[in-house]
Amino acid sequence: MAKIVRRRQYVKRAAKHAREYKATEQKEIDLKRQSKANGSYYVPAQPKLAFVVRIRGINNIAPKPRKVLQLLRLLQINNGVFVRLNKATLEMLQLIQPYVTYGYPNLKTIRELVYKRGHAKVNKQRIALHDNAIIEKALGKYDIICVEDLIHEIATVGPHFKEANNFLWPFKLSNPNNMWHTRKFNHFIQGGDYGNREAFINNLVQSMN
């Protein structure tokens with residue numbers, strides 16, 4: 001009986017989050033239309049979330065960038081993490097630009113990463129997210145009790161983003177099919193691999209997930 005009640009609760013929460021995502025999307029569309037009608041441009045809000053992927057190894061890496069990569073838990077090539085964007089993290093990303101690529105993940109990318117590659121850090125162990133009970137035990141005190149709550153907290157960069165993000169083990173991604181250059185020395189905007197690829201991070205993650 002308790003399991004059925006719990007399951008209903010998860011379904012309700014997923015539906016509530018879905019309504020919120022839809023409302024946010026609709027608000028964006030309305031603001032764009034409004035701006036167009038007023039003859040002005042709509043400037044979207046600055047992104048609050050990035051997904052960062054390590055693309056180069058540790059050869060000849062200076063101590064400062066090495067430290068930042070450790071802080072962000074990007075210890076291996078093809079490791080990926082979510083990062084809340086603010087002045088401090090943007091400066092950190094500048095320091096490690098040649099070793100990473102990053103951009104602004106959409107909801108679809110976040111959801112697919114968590115469902116397909118998501119692992120929790122429990123007592124320093126890497127545990128697959130096969131049961132909502134794992135999430136509730138670790139994050140229940142922040143009112144995060146299921147996978148959809150976890151996705152919502154990450155996607156909206158909610159008040160307990162830090163706890164939710166630290167709960168997730170860095171994502172171990174596959175090599176993208178024919179997407180890396182042999183030598184990763186150029187910025188993405190110069191036809192290379194590293195640096196900010198904005199919304200194009202979604203295409204990359206699709207090919208690595």
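This is a predicted model, so every value here is computed, not measured.
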Enquirer: Start with the C-alpha distance between Leu107 and Ile151, add both sets of side-chain angles, then the distance that settles side chain to side chain contact (heavy atoms under 4.5 Å, CB included), and finish with yes or no.
Expert: CA-CA 8 Å; Leu107 180 62; Ile151 291 165; 4.1 Å; yes
Enquirer: If you look at every heavy atom in Phe167 and Ala138, which pair is closest and at what distance?
Expert: CE1-CB, 3.5 Å
Enquirer: Tell me whether Val114 is reachable from Val122 by hopping between hydrophobic residues (I, L, V, M, F, W, Y) whose side-chain heavy atoms are closer than 4.5 Å.
Expert: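 Yes, because Val122 and Val114 connect within a single hydrophobic cluster, where side-chain heavy atoms sit under 4.5 Å apart.
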Enquirer: Do you know the tightest heavy-atom contact between Leu129 and Ala120?
Expert: CD2-CB, 3.8 Å
Enquirer: Ignoring hydrogens, what is the shortest heavy-atom contact between Leu49 and Phe82? Give both atom names and the distance.
Expert: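 In this case the closest contact between Leu49 and Phe82 is CD1-CB, 4.0 Å.
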Enquirer: Can you list every ring pair (Phe, Tyr, Trp, His ring centres under 6.0 Å) pair that touches residues 114-141, not counting sequence neighbours?
Expert: none
Enquirer: Just how far is it from atom CZ of Arg33 to atom CG of Asn38, taken to the nearest 0.5 Å?
Expert: 14.0 Å
Enquirer: Do any side-chain atoms of residues 153-163 form donor-acceptor pairs under 3.5 angstrom with protein atoms, and if so which ones, sequence neighbours left out?
Expert:
{"unit_1": "Glu153", "atom_1": "OE2", "unit_2": "His160", "atom_2": "N", "d": "2.5"}
{"unit_1": "Glu153", "atom_1": "OE2", "unit_2": "Phe161", "atom_2": "N", "d": "3.4"}
{"unit_1": "Thr156", "atom_1": "OG1", "unit_2": "His152", "atom_2": "O", "d": "2.6"}

Enquirer: Compare every heavy atom of Ile96 with every heavy atom of Pro65, then report the nearest pair and how far apart it is.
Expert: O-CG2, 3.5 Å
Enquirer: Run the numbers on Ile201 and Thr109 for side chain to side chain contact (heavy atoms under 4.5 Å, CB included), then give the verdict.
Expert: CA-CA 9 Å; Ile201 194 69; Thr109 296; 6.0 Å; no
Enquirer: Any chance you could measure Ile61, atom CD1, to Lys67, atom NZ, to the nearest 0.5 Å?
Expert: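 Interatomic distance, Ile61 CD1 to Lys67 NZ, rounded to 0.5 Å: 12.5 Å.
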Enquirer: Would a 4.5 Å heavy-atom cut-off, applied to side chains only, mark Leu150 and Leu168 as touching?
Expert: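 Yes, at least one pair of side-chain atoms sits under 4.5 Å.
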Enquirer: Quick one: are Lys172 and Asn79 in side-chain contact, heavy atoms under 4.5 Å?
Expert: yes
Enquirer: Taking Ile135 as the fixed residue, which of Val147, Ile145, Asp149 is the one that meets the side chain to side chain contact (heavy atoms under 4.5 Å, CB included) rule?
Expert: Val147
Enquirer: Is it the case that one hydrophobic cluster holds both Val11 and Tyr21, taking links as side-chain heavy atoms less than 4.5 Å apart, direct or via other members?
Expert: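 Per the 4.5 Å side-chain linkage, Val11 and Tyr21 are not co-clustered.
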Enquirer: Using a 6.0 Å cut-off, check whether atom CD of Glu25 has over 12 heavy atoms from anything other than its own residue.
Expert: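 No, the 6.0 Å shell around CD holds no more than 12 heavy atoms from other groups.
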Enquirer: Give a yes or no on whether the backbone of Ala88 and the side-chain of Asn86 come within a donor-acceptor separation of less than 3.5 Å.
Expert: yes
Enquirer: Which distance, rounded to the nearest 0.5 Å, do you find between the CZ of Arg56 and the CG of Leu69?
Expert: 11.0 Å
Enquirer: Sub-3.5 Å donor-acceptor pair from the side chain of Asp131 to the main-chain atoms of Ala133, do we have one?
Expert: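 Judged by distance alone, yes, a pair lies under 3.5 Å.
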Enquirer: Decide if atom CZ of Arg84 counts as having more than 12 heavy atoms of other residues, nucleotides or ligands within a radius under 6.0 Å.
Expert: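 Atom CZ in Arg84 is crowded, with more than 12 foreign heavy atoms closer than 6.0 Å.
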Enquirer: Please give me the minimum heavy-atom distance between Cys146 and Tyr10, naming the atom from each residue.
Expert: CB-CD2, 3.5 Å
Enquirer: Taking only Lys NZ, Arg NE, NH1 and NH2, and the carboxylate oxygens of Asp or Glu, determine whether Glu148 and Arg111 approach each other closer than 4.0 Å.
Expert: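 Judged by the 4.0 Å cut-off on N to carboxylate O distance, Glu148 and Arg111 do form a salt bridge.
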Enquirer: For a 4.5 angstrom cut-off between non-hydrogen side-chain atoms, does Leu71 reach Met92?
Expert: yes
Enquirer: Verify the neighbour count for atom CD of Gln70: are there more than 12 heavy atoms of other residues, nucleotides or ligands below 6.0 Å?
Expert: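 Yes, CD of Gln70 has more than 12 neighbouring heavy atoms, counting only those of other groups under 6.0 Å.
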Enquirer: For Lys87, what residues pass the side chain to side chain donor-acceptor pair (under 3.5 Å) criterion, not counting sequence neighbours?
Expert: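 Once residues adjacent in sequence are excluded, the partners of Lys87 under the side chain to side chain donor-acceptor pair (under 3.5 Å) criterion are Glu91.
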Enquirer: With side-chain hydrogen bond (donor to acceptor under 3.5 Å, both in side chains) as the test, pick out the partner of Tyr102 among Gln97, Arg54, Glu198.
Expert: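 The option that passes is Gln97.
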Enquirer: Could you tell me whether the side chain of Lys64 and the main chain of Leu95 form a donor-acceptor pair under 3.5 Å?
Expert: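 Pair absent, no side-chain N/O of Lys64 close to backbone of Leu95.
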Enquirer: Is there a continuous path of hydrophobic side-chain contacts, each under 4.5 Å between heavy atoms, that joins Trp169 to Val81?
Expert: no
Enquirer: Show your reasoning for whether side chain to side chain contact (heavy atoms under 4.5 Å, CB included) applies to Leu113 and Leu173.
Expert: CA-CA 9 Å; Leu113 275 167; Leu173 303 173; 3.7 Å; yes
Enquirer: Do you know the tightest heavy-atom contact between Asn196 and Gly103?
Expert: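 So the two residues come closest at OD1-CA, 3.8 Å.
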Enquirer: Checking side chain to side chain contact (heavy atoms under 4.5 Å, CB included) for the pair Thr89/Leu72: CA distance, chi angles, key distance, verdict?
Expert: CA-CA 9 Å; Thr89 54; Leu72 293 178; 5.5 Å; no
Enquirer: Going through the distances and angles, do Glu20 and Lys16 end up as a salt bridge (charged side-chain N to carboxylate O under 4.0 Å, His left out)?
Expert: CA-CA 6 Å; Glu20 188 187 322; Lys16 178 177 164 250; 5.5 Å; no
Enquirer: Under a 3.5 Å threshold, yes or no: a donor from one side chain and an acceptor from the other, between Asn209 and Arg117?
Expert: yes
Enquirer: Measuring from atom CD1 of Ile4 to atom CZ of Arg8, what distance do you get when rounded to the nearest 0.5 angstrom?
Expert: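 Reported value, rounded in 0.5 Å steps: 6.5 Å.
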Enquirer: Quiz question: by atom type and distance under 3.5 Å, do the side chains of Asn202 and Gln206 form a donor-acceptor pair?
Expert: no
Enquirer: Less than 4.0 Å between a side-chain N and a carboxylate O, is that true for Asp143 and Arg13?
Expert: yes
